[in-house]
Amino acid sequence: MSDRMIYLDNAATTRVREEVADAMLPYFTKEFGNASTLYYLADGAKNALHAARDTMAKILGCESEEIYFTGCGTESDNWAIQGTAEALCDKGNHIITTKIEHHAVLHTCQWLERHGAEVTYLDVDEAGMVRPAALEAAIRPNTILISVMFANNEIGTMEPVRQIGEIARRHGILFHTDAVQAFCQVPISVRELHIDMLSASAHKLNGPKGVGLLYVRKGVELPSFMHGGGQEKGKRAGTENVAGIAGFAKAAALAYEEMQQRMERETELRDHLIDRVLREIPFSRLNGSWRNRLPGNTNFSFQFADGETMLVMLDMEGICAAAGSACTTGQSAPSHVLSAIGLPDELSRGSLRLTLGYETTKDEIDYTADRLKEIVEKLQTMSPACERIRGQSRSFCRNGGIYK
Ligand SMILES: *Cc1c(COP(=O)(O)O)cnc(C)c1O
């Protein structure tokens, strides 16, 4: 085991920043009052909730009343989709989404299908992009919701959200976007992009686990998802996770403040990693688009190397990475996202996701590229199939290669 620890799985979760942990602590032991009570002790909690809502509204370009705190990104996705299906059941039962959504969206849509909904799962192109024309063509008179993610969690592809928002608005259809990977990582203005509902989660941006938000545009009537007390204007019952929400707001404020400089830094490190891998490692391929990609995301496939084996070997070098999607680890089924971009199962199984964070350094990237090169070459040497085709071009399955 290596005594280094290089964390390159920031799309799965992130380390809570010290400043964030500090911002949360008072709400456990001092300002512990229930925000729904009237006495002075609860003022700290109430103020924290107000301030957090204002922070999120400023970041998204909306009003504070349009922000609802939830238990996680998954809950936000469930609420937006199930709530719309319920609210608009008289208007229709058809939902349009994509084949590359997070399971929080896909499994919610599948559950709704078992309860009478009709769902169109749009194909994406080889970079993972939804085609706006195909989306528009899928609209029916009974379409009530379009749910397309802002950026994909496996391959980092940024979807054409502006065009989708315009189409949704032109047809008078609600537009929800799962922005869990994009919130505070890239600029988002819900007004400019015509977004009606947006999901985000704290633990993907150096905040705590177990707290999320749903932006719901004023005028969208979303029924309550959790029934109980009057918290969150009666829309999301349950005593507020004040410490979590305060931590979420602190993490978001810091990430928003540093966004521009962080995007530049991570893009540079990301491109350096992609460049080194494609140039130095035989039979390697970048999955997704190079340019139209989240700053911190890389996803590669290596022919003749197994993803899970690479993970274990990287772990022994002190490097945390992901094979396919973290949510599918443990199952041997190839990632639904990689299948949707047309990757054959063999290359899907040989895939590796390395996602950067604000703390990632150039030195860590170079160390990772060095170790990865050794590991992949070792596995390829052990593969008889690889030996047979070694004489052929080394760029066999690079991005834009034969699997286009
Ligand atoms: C992580 C993630 C989620 C789920 O968020 P949780 O807060 O972990 O429930 C949903 N969508 C995307 C794109 C994600 O990356």
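One-based numbering, in listed order, for ligands and for the atoms of each.
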For this session: For H336 and L106, run side-chain contact (heavy atoms from CB on, under 4.5 Å): C-alpha distance rounded to whole Å, both residues' side-chain angles, the deciding distance at 0.1 Å, then the answer.
Result: CA-CA 10 Å; H336 65 285; L106 285 181; 3.5 Å; yes

Exercise. Do you know which of D178, D77, T97 makes side chain to side chain contact (heavy atoms under 4.5 Å, CB included) with S147?
Worked result: T97

Exercise. When the aromatic ring centroids of H115 and W111 are compared, is their separation below 6.0 Å?
Worked result: yes

For this session: Please collect all salt bridge (Lys or Arg N to Asp or Glu O under 4.0 Å) contacts where either partner lies in residues 130-153, sequence neighbours excluded, each pair once.
Result: E118-R140, E136-R170

Problem set entry | Heavy-atom check, side chain of I319 versus side chain of R371, under 4.5 Å | yes

Exercise. For ligand 1, what is the set of protein residues having any non-hydrogen atom at a distance below 4.0 Å?
Worked result: C72, G73, T74, D77, H102, M149, N153, D178, V180, Q181, S201, H203, K204

For this session: For R265, look at atom CZ and say whether over 12 heavy atoms of other residues, nucleotides or ligands are found less than 6.0 Å away.
Result: yes

